[in-house]
Amino acid sequence: MKEKYCRESFVVKTSIVLPPDTNNYGTLFGGKLMAYIDDVAAISAMRHGRKSIVTASTDSVDFLHPIFEGNSVCLEAFVTYTGRTSMEVFVKVIAEDLLTGDRNVCALSFLTMVAIDKNGKPTEVPKVIPETDEEKSLYETAKDRATNRKKRRKESEEFAKKYGTDLPW
Ligand SMILES: CCCCCCCCCCCCCCCC(=O)SCCNC(=O)CCNC(=O)[C@H](O)C(C)(C)COP(=O)(O)OP(=O)(O)OC[C@H]1O[C@@H](n2cnc3c(N)ncnc32)[C@H](O)[C@@H]1OP(=O)(O)O
């Protein structure tokens, strides 16, 4: 399978924050931002793999700054690392006050997207080639993040078994 450059999976989505997406503080809903993050990560992973994908996990989303109504919100995403069937996607969220030009990185996130075949089974994806300093640094640190995720997945599976599907259903 032919390797691909990180830039081939690059996605940028920019929009203005408007009232339907804001809460009572006049800032963008966290859940809305998470949906945007999942959206760009999915497009990025599909660009890399050219296959259907599912979101397997999100490491964390830290809301570093509020994003105010009237700000632009720009999400950048690209595939930083791959396993056999999984792709790590890095997402950066930048908000801009369009009147002053002030910008903040408001959130960062790593998602793991898994390519699936027609039967919903994980299927192989191309390896990724980093080029820029940012891509290289994310690529080099990705193995450690993947190891942590494996450990966390095991813990989640153990929690799921322990707490089960009893009440209140
Ligand atoms: C009308 C026309 C329509 C046209 C249409 C067009 C297309 C329009 C597309 C829209 C795009 C929308 C994109 C929405 C994206 C969702 O919203 S998907 C919904 C949310 N996600 C899910 O429901 C996923 C549920 N989970 C699963 O299906 C399975 O657990 C998985 C993730 C496929 C894994 O399957 P498995 O059989 O357990 O396989 P396993 O071999 O253990 O793991 C496979 C790989 O995943 C990794 N992995 C598994 N779990 C984890 C985890 N928790 N953390 C990290 N890595 C993990 C493994 O390490 C492994 O990696 P590799 O070593 O192969 O690289």
Side-chain angles (χ1 to χ4, degrees), residues 1-15 17 20-21 23 28-64 67 73-94 106-131 134-166 168-169:
M1 197 172 272
K2 194 170 180 302
E3 297 175 336
K4 289 212 174 153
Y5 294 103
C6 294
R7 64 180 143 83
E8 293 180 78
S9 60
F10 200 70
V11 174
V12 183
K13 170 192 170 79
T14 310
S15 48
V17 177
D21 296 332
N23 53 36
L28 182 65
F29 278 118
K32 191 78 199 174
L33 184 60
M34 288 160 81
Y36 288 161
I37 289 172
D38 191 42
D39 198 29
V40 292
I43 295 170
S44 178
M46 290 183 82
R47 278 193 176 155
H48 180 79
R50 294 296 171 202
K51 290 185 177 176
S52 298
I53 55 92
V54 291
T55 309
S57 78
T58 305
D59 287 4
S60 62
V61 182
D62 295 307
F63 299 105
L64 302 172
I67 305 176
V73 58
C74 175
L75 292 94
E76 295 175 9
F78 59 92
V79 171
T80 49
Y81 190 75
T82 60
R84 194 182 78 79
T85 66
S86 67
M87 293 160 274
E88 180 191 75
V89 183
F90 175 61
V91 181
K92 183 159 71 179
V93 181
I94 297 168
C106 291
L108 298 169
S109 190
F110 290 97
L111 296 92
T112 305
M113 318 303 276
V114 176
I116 51 166
D117 64 18
K118 286 197 289 277
N119 303 312
K121 297 283 172 224
T123 176
E124 215 175 319
V125 294
K127 299 270 172 246
V128 72
I129 308 168
E131 292 177 293
E134 185 188 30
E135 289 164 5
K136 283 180 187 159
S137 133
L138 289 165
Y139 182 90
E140 280 155 19
T141 49
K143 260 205 178 118
D144 286 345
R145 289 189 296 275
T147 305
N148 290 337
R149 269 174 222 128
K150 280 209 174 79
K151 188 166 165 273
R152 201 186 58 206
R153 180 188 185 189
K154 203 157 170 279
E155 284 167 4
S156 291
E157 283 168 352
E158 278 158 16
F159 267 116
K161 262 190 232 146
K162 185 169 171 191
Y163 296 110
T165 53
D166 292 346
W169 319 114

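As the structure lists them, so they are numbered: ligands from 1, and atoms in each ligand from 1. Residue indices begin at 1 and follow the sequence shown.
Of the residues listed (T55, V54, V79), the one engaging M113 in a side-chain contact (heavy atoms from CB on, under 4.5 Å) is T55, and it is the only one. Each of R153, R152, E88 was checked for a side-chain contact (heavy atoms from CB on, under 4.5 Å) with S57, and the lone residue meeting it is R152. Partner of T82 under the side-chain contact (heavy atoms from CB on, under 4.5 Å) criterion, out of K4, H48, E3: H48 alone.
Distance remark: protein heavy atom present below 4.0 angstrom from atom 45 (C) of ligand 1. Counting only heavy atoms, the protein gets under 4.0 Å from atom 65 (O) of ligand 1. In this structure, atom 49 (C) of ligand 1 is in close contact with the protein, since a protein heavy atom lies within 4.0 Å of it. Distance check for atom 5 (C) of ligand 1: every protein heavy atom is found at 4.0 Å or beyond. The presence of a protein heavy atom under 4.0 Å from atom 24 (C) of ligand 1 is confirmed. For atom 56 (N) of ligand 1, a protein heavy-atom neighbour is present inside the 4.0 Å cut-off. Atom 13 (C) of ligand 1 is approached by the protein to below 4.0 angstrom, counting heavy atoms only. Protein heavy atoms are absent from the 4.0 Å sphere centred on atom 27 (C) of ligand 1.
What sits closest to atom 41 (O) of ligand 1 on the protein, heavy atoms only, is P122 CG, 4.3 Å. Shortest contact from atom 18 (S) of ligand 1 to any protein heavy atom: T55 N, 3.5 Å. Looking from atom 7 (C) of ligand 1 to the surrounding protein, the closest heavy atom is M46 CE, 4.0 Å. Protein heavy atom at the shortest distance from atom 33 (C) of ligand 1 is V54 CG2, 3.8 Å. If you check which protein heavy atom lies closest to atom 17 (O) of ligand 1, you get D38 OD2, 3.9 Å. In terms of protein heavy-atom proximity, atom 53 (N) of ligand 1 is closest to A56 O, 3.6 Å. Closest to atom 38 (O) of ligand 1, if we only count protein heavy atoms, is R153 NH2, 2.8 Å. Scanning all protein heavy atoms for the shortest distance to atom 63 (O) of ligand 1 gives R84 N, 4.0 Å.
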- Task: Given side-chain contact (heavy atoms from CB on, under 4.5 Å), test V93 with I67 step by step and report yes or no.
- Result: CA-CA 10 Å; V93 181; I67 305 176; 4.1 Å; yes
- Message: Is there a side-chain contact (heavy atoms from CB on, under 4.5 Å) between M87 and I53? Walk through the geometry before answering.
- Response: CA-CA 10 Å; M87 293 160 274; I53 55 92; 3.7 Å; yes
- Message: Please evaluate residues Y81 and R145 with respect to the criterion side-chain contact (heavy atoms from CB on, under 4.5 Å), reporting the C-alpha separation (whole Å), side-chain torsions for both, the decisive distance (0.1 Å), and the verdict.
- Response: CA-CA 10 Å; Y81 190 75; R145 289 189 296 275; 5.9 Å; no
- Message: Could you go through K151 and E155, starting from their C-alpha distance and side-chain angles, then the distance that decides it, and tell me whether this counts as salt bridge (Lys or Arg N to Asp or Glu O under 4.0 Å)?
- Response: CA-CA 6 Å; K151 188 166 165 273; E155 284 167 4; 3.6 Å; yes
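Residues P130 and L138 form no side-chain contact, since every pair of their non-hydrogen atoms from C-beta on lies 4.5 Å or further apart.
Contact annotation: M113 has no heavy atom less than 4.0 Å from any atom of ligand 1.
Using a 4.0 Å cut-off to heavy atoms of A42, the atoms of ligand 1 that qualify are 13 (C). Below 4.0 Å from some heavy atom of G83 lie the following atoms of ligand 1, by number and element: 65 (O). Shown in contact with S57 at under 4.0 Å from a heavy atom are these atoms of ligand 1, numbered in order with element: 52 (C), 53 (N), 54 (N), 55 (C). Near T112, meaning under 4.0 Å from any of its heavy atoms, are these atoms of ligand 1: 55 (C), 56 (N).
If you look at V114 next to ligand 1, the close heavy atoms, those under 4.0 Å, all belong to the side chain. Counting heavy atoms under 4.0 Å from ligand 1, residue S86 touches it through both backbone and side chain.
F90 and F78 have perpendicular rings, their planes meeting at more than 60° on a 0 to 90° scale where under 30° would count as parallel.
Residue contacts with ligand 1: T85 is placed with a nitrogen or oxygen under 3.5 Å of a nitrogen or oxygen of the ligand (distance criterion only).
Of the inter-residue distances, the one linking T80 atom OG1 with E140 atom CD reads 12.0 Å to the nearest 0.5 angstrom.
Salt bridge annotation for K154-E158: present, with a cationic side-chain nitrogen under 4.0 angstrom from a carboxylate oxygen.
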